[in-house]
Amino acid sequence: MTENPQNMEPSVNPDIRIDGDDSVVIALGSNDKGVWPSCVELLEAAIARFRAEGVDVLALSSWWRSAAWPDPSDPPFVNGVAVVATAHDPHALMATLGRVEEVFGRERGRINAPRTLDLDLIAYGRLNGDLDGLILPHPRAAERLFVMGPLAEIAPEWRHPTAARTAKTLAEGCKVGTDARPMGAVT
């Protein structure tokens with residue numbers, strides 16, 4: 001697994017191609033630290049858990065901070081993106097992500113409520129469309145800077161399966177979460 005210590009530097013193994021047609025992209029977010037000292041530590045613990053769940057992290061962005069969306073009065077989010085390798089098919093991967101969310105205290109209630117851990121499957125290679133209730137790629141990810149920004153950081157040439165634009169180009173045109181910035185970045 002590629003590590004991303006709290007120095008917030010993105011972590012990419014230069015020997016592994018992470019922007020190809022078979023890339024599996026997962027977005028991570030938290031705005032409720034739960035029992036953890038911080039949202040960052042919670043997210044890093046979740047990443048560490050991935051390997052035990054059959055998900056190997058090939059690249060991990062730095063952590064980004066943004067106002068909660070759609071209600072900026074909620075606590076701010078810490079977000080990141082991981083490119084992973086797994087033998088799980090898309091449905092099994094979604095079940096695994098849900099299980100990890102539960103382990104880290106995710107409670108489902110009000111839509112967009114603060115949450116300890118939010119794991120979204122952004123893309124599974126070039127798969128697209130409705131796969132028995134699973135919509136791929138994630139239908140709103142391309143509009144969100146807190147997803148496309150971190151992805152562009154580690155895989156700027158990754159191409160969206162349906163929009164056919166790179167992560168870098170999509171990040172430049174995002175309309176949601178435009179305040180998102182890498183933690184430690186000067187604003």
Side-chain angles (χ1 to χ4, degrees), residues 1-4 8 10-13 16-31 39-66 69 77-106 108 115-128 131 133-163 166-167 170-171 174 176-177 180 182:
M1 180 174 94
T2 303
E3 306 256 340
N4 186 1
M8 306 307 155
S11 180
V12 180
N13 181 336
I16 299 173
R17 178 142 189 222
I18 59 168
D19 59 2
D21 285 347
D22 58 348
S23 296
V24 177
V25 180
I26 298 171
L28 304 92
S30 175
N31 70 336
C39 289
V40 167
E41 289 179 67
L42 181 149
L43 290 168
E44 289 177 352
I47 285 289
R49 171 79 184 213
F50 278 17
R51 176 161 281 203
E53 298 287 345
V55 179
D56 291 322
V57 176
L58 303 177
L60 178 62
S61 72
S62 65
W63 300 118
W64 287 49
R65 183 173 305 279
S66 64
W69 184 90
F77 263 90
V78 177
N79 293 97
V81 168
V83 176
V84 304
T86 185
H88 295 312
D89 66 42
H91 288 281
L93 180 56
M94 281 299 297
T96 296
L97 297 179
R99 193 169 45 254
V100 173
E101 286 178 338
E102 288 176 15
V103 166
F104 284 87
R106 171 76 185 258
R108 298 195 183 272
R115 46 206 173 272
T116 53
L117 184 59
D118 189 17
L119 300 173
D120 289 326
L121 179 56
I122 302 304
Y124 195 101
R126 305 304 296 164
L127 291 178
N128 68 77
L131 308 173
L134 174 59
I135 308 295
L136 288 174
H138 186 288
R140 295 169 302 284
E143 305 164 359
R144 298 174 171 177
L145 184 57
F146 50 84
V147 175
M148 288 297 119
L151 181 55
E153 183 180 80
I154 58 173
E157 298 305 313
W158 174 86
R159 286 203 172 275
H160 190 279
T162 58
T166 66
L170 289 168
C174 284
V176 176

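As the structure is a prediction and not an experimental result, all values here were calculated from the model. FYI, the numbering just counts along the sequence from 1.
V84 has its side chain out of reach of D56: every pair of non-hydrogen atoms, C-beta onward, lies at least 4.5 Å apart. Within the 4.5 Å cutoff, no side-chain heavy atoms of H138 are placed close to those of L121. With contacts defined as side-chain heavy-atom distances shorter than 4.5 Å, the pair T162/P137 qualifies. Within the 4.5 Å cutoff, no side-chain heavy atoms of V81 are placed close to those of I122. Residues L43 and W63 have side chains in contact (heavy-atom distance under 4.5 Å, counting atoms from C-beta outward). Between L145 and S66, every side-chain heavy-atom pair lies at or beyond the 4.5 Å cut-off. Contact annotation: the side chain of Y124 approaches that of L93 to within less than 4.5 Å [non-hydrogen atoms, C-beta and beyond]. In this structure, the side chains of W69 and V176 come closer than 4.5 Å at one or more pairs of heavy atoms.
For the atom pair H91 NE2 and L131 CG, the distance stands at 5.5 Å (nearest 0.5 Å). For the atom pair CG (L136) and CG (N128), the distance works out to 8.5 Å, reported to the nearest 0.5 Å. Atom NE2 of residue H88 and atom OG1 of residue T96 lie 3.5 Å apart, to the nearest 0.5 angstrom. Taken to the nearest 0.5 Å, the OG atom of S30 stands 6.5 Å off from the CG atom of L117. Rounded to the nearest 0.5 Å, atoms CZ (R126) and OG (S23) are 9.0 Å apart.
Between C174 and A142, the shortest heavy-atom distance links the atoms SG-O, 3.6 Å. Across all their heavy atoms, A167 and L151 have their closest contact at CB-CG, 3.9 Å. Pairing each heavy atom of M94 with each of L134, the nearest pair is CG-CD1, 3.7 Å. Among all heavy-atom pairs drawn from L28 and A82, the shortest one is CD1-N, 4.0 Å. In terms of heavy-atom proximity, E53 sits nearest to V100 at CG-CG2, 3.7 Å. Across every non-hydrogen atom of S62 and P182, the tightest pair is OG-CB, 3.9 Å.
With T166 as reference, R159 is the one residue of M148, H160, R159 to meet the side chain to side chain contact (heavy atoms under 4.5 Å, CB included) rule.
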Q: Take I47 and V57, measure what side chain to side chain contact (heavy atoms under 4.5 Å, CB included) needs, and give me the verdict at the end.
A: CA-CA 8 Å; I47 285 289; V57 176; 4.1 Å; yes

Q: Walk me through it: do I154 and I18 pass the test side chain to side chain contact (heavy atoms under 4.5 Å, CB included)?
A: CA-CA 8 Å; I154 58 173; I18 59 168; 4.3 Å; yes

Q: Start with the C-alpha distance between L119 and F50, add both sets of side-chain angles, then the distance that settles side chain to side chain contact (heavy atoms under 4.5 Å, CB included), and finish with yes or no.
A: CA-CA 11 Å; L119 300 173; F50 278 17; 4.1 Å; yes

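S61 contributes no side-chain N or O that, together with a main-chain N or O of G80, makes up a donor-acceptor pair within less than 3.5 Å. Looking only at distances, a side-chain donor or acceptor of N31 sits under 3.5 Å from a matching main-chain atom of R115.
With sequence neighbours left out, the salt bridge (Lys or Arg N to Asp or Glu O under 4.0 Å) criterion links R144 to no other residue. Annotation: salt bridge (Lys or Arg N to Asp or Glu O under 4.0 Å) contacts of R65 (sequence neighbours excluded): none. Here D120 pairs with nothing under the salt bridge (Lys or Arg N to Asp or Glu O under 4.0 Å) rule; sequence neighbours left out.
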